[in-house]
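Written below as structure tokens is the structure these notes are about.
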Amino acid sequence: MTTPKEKEKAQGNTEKPAIRVGFFQLFRFATCNERLMMVVGSVCAVLHGSAQPLMLLVFGLLTDTFIEYDIELNELSDDRKECVNNTIQWKRNYTNHSPGTPLNFSNFDNATWEMFTPIRNRSCGVLDIEYEMTLFAFYYVGIGAAVFILGYFQISLWVTAAAKQIQLVRKMYFSKVMRMEIGWFDCTSVGELNTRMSDDINKINDAIADQVAIFLQRFTTFVCGFCVGFVKGWKLTLVIVAASPLIGVGAGLMALFVAKMTGLELQAYAKAGAIADEVLSSIRTVAAFGGELKEVQRYDKNLISAQRWGIRKGLIMGFFTGYMWLIIFLCYGLAFWYGSSLVVDAGEYTPGTLLQVFFGVLIAAMNLGQASPCLEAFAAGRGAATIIFETIDREPEIDCLSEAGYKLDRVKGDIEFHNVTFHYPSRPEVKILDQLSVSVKSGETTAFVGPSGAGKSTAIQLIQRFYDPKEGMVTLDGHDIRGLNIQWLRSLIGIVEQEPVLFATTIAENIRYGRPRVTMDDIISAAKEANAYNFIMDLPQKFDTLVGEGGGQMSGGQKQRIAIARALVRNPRILLLDMATSALDNESEATVQEALDKVRQGRTTISIAHRLSTIKNADVIVGYDHGRAVEKGKHNELLERKGVYFTLVTLQSQGDKALNEKAQKMADNNEEPEKLSLSRAGSYRASLRASIRQRSRSQLSNLIPESAVPIAGDLGPRAYADKSKDDIPEEEEQELVEPAPVARILKYNIPEWPYMLFGSIGAAINGGVNPVYSLLFSQILATFSLTDSDAQRREIDGICLFFVMVGVVSFFTQMLQGYAFSKSGELLTRRLRRLGFHAMLGQEIGWFDDHRNSPGALTTRLATDASQVQGATGSQIGMIVNSMTNIGVAILMSFYFSWKLTLLILCFLPFIALSGGFQAKMLTGFAKQDKQAMEAAGQISGEALNNIRTIAGLGKERSFVDMYYAQLDAPYEAALKKANVYGACYGFAQCVVFLTNSASYRFGGYLVRQEGLHFSLVFRVISAIVTSGTALGRASSYTPDYAKAKISAARFFQLLDRVPSISVYSDKGDKWDNFQGNIEFIDCKFTYPTRPDIQVLNGLNVSVKPGQTLAFVGSSGCGKSTSVQLLERFYDPDHGRVLIDGHDSTRVSVPFLRSKIGIVSQEPILFDCSIGENIKYGDNLREISMNEIISAAKKAQLHDFVMSLPEKYDTNVGAQGSQLSRGQKQRIAIARAIIRDPKILLLDEATSALDTESEKTVQDALDKAREGRTCIVIAHRLSTIQNSDIIAVMSRGYVIEKGAHDQLMSLKGAYYKLVTTGAPIS
């Protein structure tokens, strides 16, 4: 994939990405409308933010009132004083001595001395405490109402604006990715792009939605708080502020670190995500080679680094949180100590002013602290935006949607290569084309031939302008194609590839992709020209049949013909056939070839082919070798030259001669093998019944009402199929599972119990801090009403020391909590990802056929669901324990001091809790819809990115972008709905606190007056409960994560609990020592679970003795590959049995059975690792030495080629083996099968994709590999089949004739017909 240098560069890049996007750049896509919304939202947030400082002014007055009242009570409790004319005076009889008598000082004790000092002017009797409190209560209510309205607008406007912007970002990102040149895709893995589309864009959303409003609100509170402080008492404010930079520094550093860690964590996971994507996309290969556990290991290895970053992030957050608490408590101590000296000694402040100043600064600091999580969200958003915006801003080198470039009025169709040199961007060191010069005349058919890897396909990709040549140019009618409009250029070109890509929609839609706005008649005529019409009309739903993910429901030949119809519907000037017929059997090939010959007339056609039958009638043949065109001419001329072409021809024709001579002798009467098709309908019904019975009950209840089961057979295939289609949504509904019980989530976290225990202890202590703080605070207030100043000083010093202690304890416990929970959470995430991946790989193959389990959807699920489950454990538990202890301690304390007041306040707690719970409920509802809606979009994007070449070739980027856009509407609507509800809840949650205060102070005033409650206790109870209430609110603000977590977990458990019908991991089942390889199919019937209406096998009977070779022949779609899949136990037959050495396959242990089978398939799937590792993949049960690899490679005729590469066996093959030619891939696959040393060898068209020269070597390799093994060959080329022991001719799912080649030829049945019509004639 990348050279070491590039890798370093890539890593260097991602060190930075954390922050290459400024915060305001996140809003670059906002329209005026959204800007207005954000401005209004911000104004509301600012006003909302100023509410709390406003409340402080009220609070200061209120405190002074209380203290004054208390002092009055204290004074009057001295029975020598009395209240006269609203001032306190000494009682008359004490000071009333007769003026004449001398004073006898000796009778005076101190108390009486005091009386001669006149009493400071204290008023009394004026203060009606209850009336005052009522007034204050009204202030509170007013502020509360304003807060509700502001809170609602601030949130809903921002969330709405963000939803609009995010929708735009998604659109822009996807449409830009679709415009990128193909070279960019070579260097970027599709899994990574999918992850970016789901996770990273969500991170941006978090950074520009409600978080901004909340941040603004808190920031305003911070500013206003300081203003109150400075206006009311600048000395104390300065003292407190002197310490505050320490807090700011902490917050800043924290945000910085967290952003960086998030970037690194994302990057670390993207790698694992790419692995998961690769493995799930090639699940059949993994299953066949028993690589499940190895893949889980490989995935797990890549999870470790993501886990490490997550834990570090938690530790750092814990450290900084602890540090901030420590500083805050030290500040408390300092402030109260200095402030009280100002009140008591200097008399500059009233106690109320002290509180206003202190709380002003405190609230300011608290809000700054609470604003820091927002900063974290902003930083994460900026980190995620870096890559996304860079992609959006990147100008594609070849922009497929640009209007630029001119369009020719008339196109002749002359194509010419002038000295073209080219290497793929992902492998700059390997030259693919080297000074290539070729000209293709219009209207002629030019064939490119040559060994694999010689640059034939590359040349075709240059004509389509997937890449631009590094030197030289490609011209069309003398115009450099770089100057032409791309869409127009590609619209002239029809391409049929060897491995055609179909999209997961209906056949008609697939053909319609060829040209927009094409009528049904055109589609039908294109299908007829491509010889696809007949087989399409045989399907129950005709043109509306769904082809499945990647066309997986169609056989190779059917896919190929649909692809040809798709190319023809374009009515192209230039037809590129890249081995268009190689994957077909002879009969289909003959028909397809005939179709192609028809459509070639009058078009410029370039055909790459390995079968000479397809090449011979070309007008010009160009021989390629090592990236140059070495010879050019007609068939006969080139044969005389004895060059590349000559060797290819001689190799191929020797094999075919013998066949043809035999066939020619018997070419007198052709018999049709069609008599059997009558019995089909009856057996079809029976098998349908059987297959229905076998489907799992759960699905069944969705598809057919219970009572309908017996008559399902009579529903007929159409009814049944339509039904299943309509009911898919219902199944989806059922998939929206009940949230998982927390107990079960915790069960998966059990190994981390020590971490969780210590974390919880830390959290509990942290929770106790708030109530302790309110205790200390009210204690200080109480000191102000003491009249003895020495006692006052002593009390105050003691309290301040206590603050310091609490701070130190808090520092350590916060750190403990942060580390312990992040550790347990990350371990859980990793464990779940591993288990989930393990469970996915353990499902039977049929499960992957379901559209909901497409690789894209599954990768997304691993990426997001597993990390969301952390929200239910880990830090979440910390929050809960924290809040619980907080509330518990507070309530116990309050009841102890004043139960009446406590009961009143507790009446409000439910509201506070309710608002939190309500918020949670709403958001859970949305989490479901969001997820679903985005999954639909994710599937479209996944399909588009995986098949980007095909889409580019068809010029269909625009329509995929449109489909994606359409899918984005639903999540957008949901987000708008969410905005309002969320806003209302937020406003409510915010205003409840104000209302609580208003009621409780009013009642407090009553208690103080009527029941003589000490006023400091009123403050103690109220502050204890209100702070704990906000703690509860904070816990409930975490509830959205919690809710998401439970749903994600439930999805996960659904996956973990699913019992696959064919279990890969269990050791149950028969195993035996002397495995012979004796195979029998007895009356096998089978339908694919996703297409129950198409009977693929219809009573297959055939057997092979150990060491024999059985060849399946038949037209595409007759069930050849299916029978092989039954043998591998990818599926089990619905009816009938497969016997292996006399054991029923369903009873044999799956790993054991698969370990005895080696498979080489038509489109071999390689993994994105080195050639050596790919070969090693053949046997995952043991360590394989280099010597074994080399000997296997030699047997597969691969060794010499590998040794010619710069990195030999360590050469990376690229994603899906894209860096190698087909022949090379095929030989690696053969080496992989050989190293397994299987008893049974399955060759599924193993040589069809090769040119003759490679085919010869590969065929030799296969012949060697077959010795002494039972072998099943599926092939379309008869030359590969004729020396098999048994040839079974299949049609429509059963064997119509079988025997050795000569027997069958003398039968003059279907086989004979196949040989005579389809054999290449040379």
Side-chain angles (χ1 to χ4, degrees), residues 178 182 400-401 405 407-415 440 442-446 460-466 476-477 481 484-503 505-533 536 543 547 551 558-581 592-593 595-608 944 947-960 962-963:
M178 291 304 284
I182 302 292
C400 57
L401 294 178
K407 309 179 179 179
L408 308 178
D409 297 334
R410 283 191 56 256
V411 179
K412 267 175 62 189
D414 290 331
I415 299 172
V440 177
S442 76
E444 292 190 338
T445 298
T446 307
I460 280 196
Q461 297 199 34
L462 289 180
I463 296 175
Q464 289 178 279
R465 226 186 134 203
F466 282 173
L476 169 66
D477 293 354
I481 61 170
L484 301 175
N485 178 294
I486 298 199
Q487 284 290 333
W488 175 81
L489 169 71
R490 290 185 184 160
S491 72
L492 302 177
I493 302 176
I495 178 158
V496 183
E497 298 146 301
Q498 173 196 8
E499 302 168 13
V501 170
L502 300 184
F503 298 102
T505 167
T506 62
I507 293 179
E509 282 303 308
N510 264 302
I511 297 177
R512 196 170 278 130
Y513 273 123
R515 199 178 60 178
R517 295 184 291 286
V518 57
T519 65
M520 198 61 204
D521 301 340
D522 294 340
I523 291 182
I524 290 174
S525 69
K528 282 181 175 155
E529 280 185 31
N531 286 324
Y533 185 70
I536 295 176
F543 278 95
V547 300
Q558 292 167 337
K559 284 205 304 206
Q560 199 55 282
R561 283 176 287 177
I562 294 174
I564 291 172
R566 179 171 70 190
L568 293 183
V569 95
R570 294 170 86 81
N571 192 6
R573 288 287 317 124
I574 301 166
L575 195 57
L576 305 178
L577 307 175
D578 188 352
M579 317 227 217
T581 58
V592 170
Q593 192 54 54
L596 291 175
D597 288 343
K598 264 198 308 223
V599 301
R600 289 198 323 220
Q601 304 309 318
R603 295 192 166 103
T604 309
T605 308
I606 297 181
S607 157
I608 297 184
N947 307 327
I948 187 70
R949 275 188 161 76
T950 306
I951 293 174
L954 293 169
K956 271 288 166 252
E957 294 92 351
R958 170 68 61 220
S959 72
F960 266 87
D962 292 341
M963 271 158 64

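Predicted model only: the values in this text are computed from it and were never measured.
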Looking at side-chain heavy atoms only, is the closest gap between [X] and [Y] below 4.5 Å?
| X | Y | result |
| --- | --- | --- |
| Arg465 | Leu484 | no |
| Gln464 | Ile182 | no |
| Leu502 | Arg566 | yes |
| Trp488 | Leu408 | yes |
| Ile507 | Asn510 | no |
| Leu954 | Arg490 | no |

Quick one: pull up [atom1] in [X] and [atom2] in [Y] and give me the separation to the nearest 0.5 Å.
| X | Y | atom1 | atom2 | value |
| --- | --- | --- | --- | --- |
| Leu575 | Ile564 | CG | CD1 | 8.5 Å |
| Ile463 | Ile606 | CD1 | CD1 | 3.5 Å |
| Thr519 | Asp522 | OG1 | CG | 3.0 Å |

Work out which heavy atom in [X] is nearest to a heavy atom in [Y]; give both atom names and the distance.
| X | Y | result |
| --- | --- | --- |
| Ser491 | Arg570 | CA-NH2, 3.2 Å |
| Ser959 | Tyr513 | OG-CE2, 4.0 Å |
| Ala565 | Ala526 | O-CB, 3.7 Å |
| Phe466 | Gly953 | CZ-N, 3.6 Å |
| Leu462 | Ile481 | O-CD1, 3.4 Å |
| Ile523 | Val518 | CG1-CG1, 4.3 Å |

Item to check | For Leu476, the option from Asp414, Leu492, Ile493 that meets side chain to side chain contact (heavy atoms under 4.5 Å, CB included) | outcome: Leu492
Item to check | Neighbour count >12 (heavy atoms, 6.0 Å) for atom CZ, Arg949 | outcome: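 Atom CZ in Arg949 is packed in, count exceeds 12.
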Next on the checklist: Arg512: which residues meet the salt bridge (charged side-chain N to carboxylate O under 4.0 Å, His left out) condition with it, sequence neighbours left out?
Outcome noted: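 Checked Arg512 against salt bridge (charged side-chain N to carboxylate O under 4.0 Å, His left out); matches are Glu509.
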Item to check | By side chain to side chain donor-acceptor pair (under 3.5 Å) - contacts of Lys407 (at least two apart) | outcome: none
Checklist entry - Got a sec, which residues hit side chain to side chain donor-acceptor pair (under 3.5 Å) with Thr604, two or more places apart in sequence or on another chain? => result none
Item to check | Under 3.5 Å donor-acceptor, Arg573 side chain and Lys412 backbone | outcome: yes
